[in-house]
Amino acid sequence: DQQVKQNSPSLSVQEGRISILNCDYTNSMFDYFLWYKKYPAEGPTFLISISSIKDKNEDGRFTVFLNKSAKHLSLHIVPSQPGDSAVYFCAVNKGGKLIFGQGTELSVKP
Amino acid sequence: EAGVAQSPRYKIIEKRQSVAFWCNPISGHATLYWYQQILGQGPKLLIQFQNNGVVDDSQLPKDRFSAERLKGVDSTLKIQPAKLEDSAVYLCASSLWLAGGTSYEQYFGPGTRLTVT
């Protein structure tokens, strides 16, 4: 059973537009959520996180939104740049252990 | 600051052979993790160490996988004997750790891509 789901395997966006990546989770007890970015042949790198006491966290072009009632989080990238093309994983921190979604491959076209 | 180091980067073996992966975490990071990432899936935790003790190995297939972290620094992950379904990228990560179960961000190494034929 997947506790963290990313239902879109891929997303294509034009440079300068907004990219929205979505993630759903099953357990309302999860209280810390993260987004990681992964380039080919590299390990995932931390991008942004949010605690369940907040509903929004912003860092430059990246904003994460958390909807606890819907058990849904999303990552917004504005404006999108070609260098943002990568696989994005959402994850929940459960006692120090990360549980990852399947990933969404973002392609930003010039 | 040096990142998490892993070796080898790539390995091809035949089924039923054995293989070992090595990880050197970021200096001062007490917690070390091994993840398995199968193509098209997210990383899945295999084992978590706190210093040289095992915190969680509930998803480690212990009949064929073993891991150790001697002296609380470097770690090795071994598979013996390998099966075709073990083909994956094996990622090592490390983090600081706070008492009470809170952890800092995990930093990942580049991974070892294993192909079992």
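Chain A is the first sequence line, chain B the second, and so forth, proteins listed ahead of strands; every chain is numbered from 1. What you see is a predicted model; the values in this text were computed from it and never measured.
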Smallest separation among heavy atoms of [X] and [Y], with atom names:
{"X": "Y36(A)", "Y": "Q106(B)", "answer": "OH-O, 3.1 Å"}
{"X": "G43(A)", "Y": "L91(B)", "answer": "CA-CD2, 4.1 Å"}
{"X": "A41(A)", "Y": "Y10(B)", "answer": "CB-OH, 4.3 Å"}

>> If you apply the rule side chain to side chain contact (heavy atoms under 4.5 Å, CB included), what do you find for L98(A) with Y33(B), and how did you get there?
In response: CA-CA 10 Å; L98(A) 291 180; Y33(B) 312 80; over 6 Å; no
> Using non-hydrogen atoms only, which part of Q6(B) is less than 4.5 Å away from chain A: side chain, backbone, both, or neither?
Replying inline: neither
>> For R113(B), which atoms come within 4.5 Å of any heavy atom of chain A: side chain, backbone, both, or neither?
In response: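 Contact with chain A is absent: no heavy atom of R113(B) under 4.5 Å.
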Is [X] atom [atom1] crowded by more than 12 heavy atoms from other residues, nucleotides or ligands, each under 6.0 Å away?
{"X": "K11(B)", "atom1": "NZ", "answer": "no"}
{"X": "R61(A)", "atom1": "CZ", "answer": "yes"}
{"X": "L84(B)", "atom1": "CG", "answer": "yes"}
{"X": "I18(A)", "atom1": "CD1", "answer": "yes"}
{"X": "Q81(A)", "atom1": "CD", "answer": "yes"}

> Under 4.5 Å, heavy atom to heavy atom, which residues of residues 40-67 of chain B contact chain A?
Replying inline: G40(B), Q41(B), G42(B), P43(B), L45(B), Q48(B), D56(B), Q59(B)
>> Would you compute the distance between atom CD of E105(B) and atom OG1 of T45(A) and round it to the nearest 0.5 angstrom?
In response: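 Nearest 0.5 Å value for the CD-OG1 distance: 8.5 Å.
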> OH/Y107(B) to CZ/F46(A) distance, rounded to the nearest 0.5 angstrom?
Replying inline: 8.5 Å
> Is V4(A) linked to W35(A) within one hydrophobic cluster, defined over Ile, Leu, Val, Met, Phe, Trp and Tyr using a side-chain heavy-atom separation of less than 4.5 Å?
Replying inline: yes
> With hydrophobic residues grouped by side-chain heavy-atom distances under 4.5 Å, do L75(A) and F33(A) end up in a single group?
Replying inline: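 Yes, L75(A) and F33(A) fall within the same hydrophobic cluster.
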